[in-house]
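Before any comments, here is the structure.
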Amino acid sequence: MNAITLHGPGDVRVESVPDPRIVDPTDAVLRITTSAVCGSDLHQHHGRVTGLDPGIVMGHEFMGVVEEVGPAVRQSSWWTAWTTA
Amino acid sequence: VDYRLKLAEELGGIPVNLDRGDPAEQLRAQTRGRGPDAVLECVGHETPFTQAIQAVRAGGTVSSVGVYVESSMGFPPRDAFFKDLTLRMGICNARNFISPLMPLIQNGRLRPTRIITHTMPLADAPKGYAIFDRKEDRAIKVMLEP
């Protein structure tokens with residue numbers, strides 16, 4: 001899949017990264033439909049957050065559709081509320 | 001900043017421009033000398049956190065939702081103490097508020113899309129970051145689509 005990655009201050013790239021998959025029973029895989037840029041993304045963008053791996057995937061303000069869930073995940077209501085059992 | 005203050009006014013707020021003087025004084029002037037009941041600190045930095053404590057009324061609440069980077073910062077304990085403040089901070093438990101907020105969006109009372117200024121393809125993400133960072137092209141919220 002394509003992802004926004006950060007390689008250093010001001011170095012934002014769009015790259016192909018491995019597709020996510022279920023690893024733990026409480027995981028879910030989402031197909032992201034939209035992601036927003038957050039003010040706190042700028043902290044990383046400016047290099048004010050240390051200890052990040054180069055190539056870290058950005059974009060924590062995402063929304064999407066649940067495509068796959070681990071065995072411990074159940075849907076608790078008709079729209080978006082997914083929860084771990 | 002001007003275009004952001006204008007949008008705040010359109011959304012029903014009374015804009016306070018930091019360029020026109022001390023925000024705490026401006027807010028007291030708007031509230032008959034008392035100060036607002038609650039102040040949200042949305043930056044995550046010592047200066048606005050201090051201003052929030054100075055601006056809020058005695059017995060009021062300062063809630064800090066801005067994301068901090070520094071490991072420590074200055075803090076006006078005397079103001080906070082003698083005002084008997086309630087201080088809250090942290091990441092909003094957004095999912096907890098989906099149930100009460102979604103109906104307000106569905107019936108049109110809340111229109112969060114008003115802050116979206118740009119929608120661009122994911123391939124343009126570096127540009128999206130750049131204009132948001134430099135506040136170019138009146139950017140407020142940049143949305144990226146795959």
Side-chain angles (χ1 to χ4, degrees), chain A residues 1-17 19-20 26 28-52 55-67 73-84, chain B residues 1 4 40-46 48 64-71 73 89-103 105-106 112-137 139-146:
Chain A
M1 66 170 191
N2 291 320
I4 306 166
T5 56
L6 184 73
H7 293 264
D11 186 0
V12 177
R13 302 178 197 172
V14 179
E15 294 182 306
S16 185
V17 300
D19 285 346
T26 53
V29 174
L30 271 67
R31 174 168 51 80
I32 303 302
T33 54
T34 315
S35 181
V37 185
C38 175
S40 64
D41 286 323
L42 295 181
H43 292 324
Q44 283 89 294
H45 188 59
H46 292 153
R48 288 195 298 255
V49 177
T50 54
L52 299 177
I56 188 169
V57 174
M58 303 291 282
H60 61 270
E61 284 189 349
F62 55 83
M63 63 199 83
V65 179
V66 177
E67 294 276 314
V73 181
R74 61 191 170 82
Q75 192 174 11
S76 64
S77 71
W78 63 271
W79 46 299
T80 54
W82 292 73
T83 176
T84 53
Chain B
V1 171
R4 295 183 173 209
L40 303 179
E41 191 288 314
C42 302
V43 180
H45 193 263
E46 177 177 332
S64 182
V65 296
V67 180
Y68 290 87
V69 173
E70 290 81 10
S71 56
M73 67 175 180
M89 60 201 309
I91 296 171
C92 174
N93 183 355
R95 212 167 70 174
N96 192 42
F97 294 102
I98 289 176
S99 293
L101 291 178
M102 194 60 89
I105 292 170
Q106 285 171 326
T113 51
R114 287 286 300 278
I115 67 166
I116 298 173
T117 52
H118 295 75
T119 301
M120 48 180 71
L122 188 70
D124 290 340
K127 183 188 167 205
Y129 270 73
I131 63 167
F132 178 57
D133 183 18
R134 301 189 211 116
K135 298 185 176 57
E136 288 172 358
D137 198 23
I140 297 179
K141 196 51 142 180
V142 177
M143 308 294 279
L144 300 165
E145 291 178 338

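Per chain, numbering begins at 1; letters A, B, ... match sequence-line order.
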#### Entry: Nearest-0.5 Å distance that lies between atom CE in B:Met143 and atom CD in A:Glu61
8.0 Å
## Note on the structure
Those residues of residues 117-127 of chain B that come under 4.5 Å of chain A on a heavy-atom basis, listed by number, are B:Leu122, B:Ala123, B:Ala125, B:Pro126
### Message
Considering only residues two or more places apart or on different chains, which pairs with a residue in residues 28-40 of chain A satisfy side-chain hydrogen bond (donor to acceptor under 3.5 Å, both in side chains)?
### Response
A:Arg31-A:Glu67, A:Ser40-A:His60
### Query
Side-chain contact, heavy-atom cut-off 4.5 Å: A:His45 with B:Phe132?
no
### Task
Check whether A:Leu42 gets within reach of chain B through its side chain, its backbone, both or neither, counting any heavy atom under 4.5 Å.
side chain
### Task
Please report the shortest heavy-atom distance between B:Val69 and A:His43, naming the atom on each side.
CG2-CG, 3.2 Å
